[in-house]
2 protein chains.
Amino acid sequence: MAAGINLKELAAELKLAPSTVSRALNDSYEISEETKKKVIRMAEKLNYHPNQFARSLRENKSKTIAVIIPERINNFFAQVIDGIEEIAQEHGYHLLVYNTHEDVDREKKIVNLLLNGRADAVVMSVSSQTSDVSHLQKLYDRGLPLLFFDRICDEIPTTKFITNDYESAYEGTKHLIQQDCKKIAFLMISKELSITKERYRGYCDAINEAGLVAEPTFSLNCCMSEEENIKLITDMLLSDDRPDGILSTVEKLAIATYHAVKRTKIRIPEDLKIISFANTSMAGLLNPSLTTINQPTLTIGQECAKLLIGKLTKPKHFELINQVITIPSKITIRSSTVAE
Amino acid sequence: MAAGINLKELAAELKLAPSTVSRALNDSYEISEETKKKVIRMAEKLNYHPNQFARSLRENKSKTIAVIIPERINNFFAQVIDGIEEIAQEHGYHLLVYNTHEDVDREKKIVNLLLNGRADAVVMSVSSQTSDVSHLQKLYDRGLPLLFFDRICDEIPTTKFITNDYESAYEGTKHLIQQDCKKIAFLMISKELSITKERYRGYCDAINEAGLVAEPTFSLNCCMSEEENIKLITDMLLSDDRPDGILSTVEKLAIATYHAVKRTKIRIPEDLKIISFANTSMAGLLNPSLTTINQPTLTIGQECAKLLIGKLTKPKHFELINQVITIPSKITIRSSTVAE
DNA sequence: TTAAAATACGGAAACGATTGCGAAAATAAG
DNA sequence: CTTATTTTCGCAATCGTTTCCGTATTTTAA
């Protein structure tokens, strides 16, 4: 193995002390320009790369941020990570990415793994199963900067980034009502989730304001299996008291609904109108095209990273105070909610 | 900061030597069961977590695998990473994930960053711009286990995982011909890519075999911008000599084609049939539903990880020999290629 | 009863970088 | 020409583990 050369060897080659070489490479004022040039040239010639672990051990920081998400095959999370990575790369930070698969046990394992200092900070969206937050509390207590986005955790007093879930759900529901929907169903993957609760509030308020009632049977709590979800939705659509509108809180439940509808004679938007939180570029290509609530994913990721890196590089100037920062979503009306 | 306790402090608490405690925690045969129990109990009580960097420095391994992909918002890559992560987690490995955004300069920067030992191995799919491979060669020369999948790099003598690109493209094209297509276009994002070349070979062979000709104007080299791609495809579809069939080598060009078609009066499949390499669960929901060549993403990821971790943990038993391992794709015929 | 071997543990070096402190050499000031 | 100051660099400690040795104690064998 052409294993890399180390600082001592490089120093020997230059007939200098390791400390001098280190300072030269780190552009210290204590070293003459001449020496610096010589060192840098030699370092390049010998293909020297400082050992990251030695440095991390000494400086007690890893230049690494851990990102924990519940699902990787999901445009929302993929885009947020792109946003995080963009800012992280600018500042020389690396990203460890973990997928919990919506499994709280996996989430706990991952979080525990992070207790050893592998990452300087953590930004995450909790799994839909997460209700006990002791593992997150432990992480927080350890002093590791911790940030939440989208699926946040109220119990941990740190900064959280979300979209205007309440308003979006409210507006989305109102839009359905304006399109003459009387019986609107609410599709979710877990009622424990912060975003579900907020979106449900918006949904309820819009419904009540219109003098309608939010029937409990219309709140459909789905699961992980696409096939089961399709079945669940199909059953609802085939019931006597079927809904004429749907607010879906996540993209994949809208997809499941489309699949379910294909199994029935129901027509969208004539018999059923649907609006969904979604971030796919295919929304306009579905049949009919899907009205979406589009979240500002890239911005969320960027803002998370900016704050986190600020905190890491200038702890005095940045505080991860207990607050919720809201970045608004945008509703794009398409054919699934308007009769032609 | 409730910074964690370290080994020495833990040892002091136990009135034992650090070496003993270390051995006890690592279940060494040299330590009595009694002492082990005591140490483990105290470690748990004091919430001790070994510093990963000290360990990495000492052992010269990081238990980390770097994954480099050209695009994150892409079902194919997301699924492959899920596969890699599954195996990696089983073996206690962590994943550093990097997105090159199809930019070879970014790819080079990332690869250079990896030269410092941050990762024990690298698995990657090259960017569409990558033709000069000196940065990858450098990584390889350094002795870092390096694996390619999908978009492979012939010049580096290591193991590569791909799908049967030639056969799939051949079969896909043949399917179009059987559906009576005479003028079949070939959509790609870069002709430099290994997969493009293979798929093009399959496409050409099928066409020639049928006595047709692969006209150069029907090989459309697209770019990064979705809007431009739509325009490019629209132009082709509106030209006098327009194609009646399309083989798309990547999912997003099929999407772009659908968008383009919406701008014209062309009907799918009556006027234009399309088949595409794709991994989206929405293929069946598009209008019309899209005939796809579905790649075994999860398996690819798992196999990559298995081989890599094998090589890392038992270097003697695993060799990253210069070979290409093929895992077959599956064609799913839907409405976009069959007239009803 | 004594030598040999096994058991259980401690001391200290090592991994590769950074940095506080000290010192030599070069320059400036008196 | 001497002293003070600046510039430039080396020595050695340090970060938290792991592991090579060495050693004291106990067990087994002779």
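In what follows, every chain begins at residue 1, and chains take the letters A, B, ... in the order their sequences are listed.
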**OP:** Report yes if some heavy atom in the side chain of A/D103 is under 4.5 Å from a heavy atom in the side chain of A/D105; otherwise report no.
**Re:**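 When only atoms from C-beta onward are counted, A/D105 and A/D103 do touch, with a gap below 4.5 Å.
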Subject >> Side-chain heavy atoms of A/E9 within contact of A/Y48, under 4.5 Å >> reply: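 Not touching, per the 4.5 Å side-chain cut-off.
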**OP:** With rounding to the nearest 0.5 Å, note down the distance linking CD1 in A/I300 to CD1 in A/I81.
**Re:**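 Here the rounded value is 12.5 Å.
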Subject >> Separation of B/Q137 CD from B/E155 CD (nearest 0.5 Å) >> reply: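 Here the interatomic distance stands at 8.5 Å.
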Can you tell me the distance, in whole Å, between the [atom1] atom of [X] and the [atom2] atom of [N]?
| X | N | atom1 | atom2 | result |
| --- | --- | --- | --- | --- |
| A/L57 | C/dC15 | CG | P | 14 Å |
| B/R118 | C/dA17 | CZ | P | 14 Å |
| A/L25 | D/dC9 | CG | C1' | 15 Å |
| B/N6 | D/dT17 | CG | C1' | 10 Å |
| A/L10 | C/dA17 | CG | C1' | 12 Å |
| A/L7 | C/dT19 | CG | C1' | 12 Å |

Subject >> Least distance between heavy atoms, B/T159 atom then B/I321 atom >> reply: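 Residues B/T159 and B/I321, closest heavy atoms: OG1-O, 2.7 Å.
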**OP:** Using side chain to side chain donor-acceptor pair (under 3.5 Å) as the criterion, point out the one residue from A/D154, A/N322, A/T326 that pairs with A/K160.
**Re:**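 Looking at A/D154, A/N322, A/T326, the match for A/K160 under the side chain to side chain donor-acceptor pair (under 3.5 Å) is A/N322.
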Subject >> Side-chain ion pair, A/E303 and A/K306, N-O less than 4.0 Å >> reply: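 Salt bridge present between A/E303 and A/K306.
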Original post:
Salt bridge or not for A/K63 and A/D120, using N-O below 4.0 Å?
Top reply: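 No, this pair does not count.
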Original post:
Side chains of B/T297 and B/Q79: is there a donor and an acceptor less than 3.5 Å apart?
Top reply: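 Present: a donor and an acceptor within the cut-off.
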Subject >> B/S/- contact track for nucleotides 19-28 of chain D, protein heavy atom under 4.0 Å >> reply: BBB-------
**OP:** Return the residues of residues 42-51 of chain B meeting this criterion: a heavy atom under 4.0 Å from some atom of DNA chain D. Order them by number, or give none.
**Re:**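 Heavy-atom cutoff 4.0 Å gives B/Y48, B/H49, B/P50, B/N51.
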**OP:** Among the candidates C/dT18, D/dT17, C/dC9, find the nucleotide nearest to the side-chain atoms of A/R55.
**Re:**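 The nucleotide sitting nearest to the side chain is C/dT18.
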Original post:
Between D/dC9, C/dG10, D/dC15, which nucleotide gets closest to the side-chain atoms of A/I31?
Top reply: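 Closest of the options to the side chain of A/I31: D/dC9.
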Original post:
At under 4.0 Å, does any side-chain N or O of B/S56 touch on OP1 or OP2 of C/dC15?
Top reply: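 No, outside the criterion.
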Subject >> Most 5' of B/Y29 and A/A54 on DNA chain C, judged by nearest nucleotide >> reply: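 Result of the comparison: B/Y29.
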Original post:
Which part of the nucleic acid does A/S28 contact within heavy-atom distance under 4.0 Å: base, sugar-phosphate only, or nothing?
Top reply: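 It contacts nothing in the nucleic acid.
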